Amino acid sequence: AQKVTQAQTEISVVEKEDVTLDCVYETRDTTYYLFWYKQPPSGELVFLIRRNSFDEQNEISGRYSWNFQKSTSSFNFTITASQVVDSAVYFCALSGPSGSARQLTFGSGTQLTVLP
Amino acid sequence: GAVVSQHPSRVICKSGTSVKIECRSLDFQATTMFWYRQFPKQSLMLMATSNEGSKATYEQGVEKDKFLINHASLTLSTLTVTSAHPEDSSFYICSAPPGLAGGTHTQYFGPGTRLTVL
């Protein structure tokens with residue numbers, strides 16, 4: 001069984017602060033995929049990143065960065081110099097290797113509020 | 001990126017009626033589509049896997065006779081909520097991983113359908 005835990009239910013920061021969203025996962029698959037999605041108030045899910053289990057390189061995309069630590073089963077997401085537009089619910093998700101296992105198991109989400 | 005559409009975006013219906021939600025992949029084909037449900041301030045929960053040319057696979061606890069899924073073509077899956085009740089009010093989201101046989105592991109989500117049952 002797969003499980004994704006996002007222990008932080010809500011986080012509030014002031015604009016320009018850095019913020020890290022935590023994600024811990026459990027899976028028995030040796031090949032798996034990790035994702036982060038953003039869900040603004042409109043409800044539509046916005047894809048941010050996909051990482052496969054064999055690629056532990058950290059990734060940076062503008063103000064976003066991701067830290068994948070296989071040893072601790074964590075895939076944390078950091079936003080530097082946060083902006084009000086970053087306010088949203090962020091979901092970490094996990095999928096299996098192929099076929100029907102591609103359905104996503106979502107964490108409970110972290111509501112990020114960036115105050116001006 | 002690949003585009004997935006859903007129709008309608010919002011629907012309000014009376015208790016006991018049926019509602020059909022369409023999910024379309026606009027610029028790619030998908031043999032598999034997934035239907036999720038999200039209650040307010042909760043996470044997305046997989047309801048069922050829609051398979052083109054075969055029966056849908058339902059998650060435990062999801063009534064297959066209540067949530068009818070038809071994957072009519074490689075670009076269209078429909079979810080029909082039959083005899084809807086107020087507890088079915090939720091945000092329904094579909095997703096599709098591009099590809100005909102396995103394909104990419106990045107899933108693209110539709111914009112969601114907000115169902116309110118009075």
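All chains are named by letter (A, B, ...) in the order of the sequence lines, taking the proteins before the strands, and each is independently numbered beginning at 1. The structure presented is a predicted model; accordingly, all values stated were derived computationally and were not measured.
- With a 6.0 Å radius and a threshold of 12 heavy atoms from other residues, nucleotides or ligands, B/Leu26 has its CG atom above the threshold.
- At a threshold of 4.5 Å between side-chain heavy atoms, the hydrophobic network of Ile, Leu, Val, Met, Phe, Trp and Tyr places B/Val117 and B/Val62 in one connected group.
- In terms of hydrophobic clustering, with Ile, Leu, Val, Met, Phe, Trp and Tyr side chains grouped at heavy-atom distances under 4.5 Å, A/Phe68 and A/Tyr64 are assigned to a common cluster.
- When each of B/Thr57, B/Leu46, B/Ile93 is checked for heavy-atom pairs under 4.5 Å with chain A, B/Leu46 comes out on top.
- Taking hydrophobic clusters as Ile, Leu, Val, Met, Phe, Trp and Tyr residues chained together by side-chain heavy-atom distances below 4.5 Å, B/Met33 does not share a cluster with B/Phe67.
- Heavy atoms closer than 4.5 Å to chain B are found nowhere in A/Gln6, neither backbone nor side chain.
- Looking only at distances, a side-chain donor or acceptor of B/Ser43 sits under 3.5 Å from a matching main-chain atom of A/Gly107.
- Around the NZ atom of B/Lys55, the shell of radius 6.0 Å holds no more than 12 heavy atoms that belong to other residues, nucleotides or ligands.
- The number of heavy atoms from other shown groups lying within 6.0 Å of NZ (B/Lys20) does not exceed 12.
- Side-chain heavy atoms closer than 4.5 Å link hydrophobic residues (I, L, V, M, F, W, Y) into clusters, and following such links, even through other members, never connects B/Val4 to B/Ile69.
- The two residues B/Gly110 and A/Glu44 come nearest to each other via the heavy atoms O-CG, 4.4 Å.
- Each of B/Tyr58 and B/Phe34 belongs to its own hydrophobic cluster when Ile, Leu, Val, Met, Phe, Trp and Tyr are linked at side-chain heavy-atom distances under 4.5 angstrom.
- The contact between B/Gln38 and chain A is made entirely by side chain atoms (from C-beta outward), counting heavy-atom distances below 4.5 Å.
- Put simply, CG on B/Leu44 and CG on A/Leu104 are 9.0 Å apart, with the number rounded to the nearest 0.5 Å.
- Atoms NZ and OG, from B/Lys41 and A/Ser108 in turn, are 13.5 Å apart once rounded to the nearest 0.5 Å.
- With B/Phe109 as the partner, the ring-ring contact (aromatic ring centres under 6.0 Å, His included) test is satisfied by one option alone out of A/Tyr37, A/Phe35, A/Phe47, A/Phe91: A/Tyr37.
- Residues of residues 78-87 of chain B never come within less than 4.5 angstrom of chain A, heavy atom to heavy atom.
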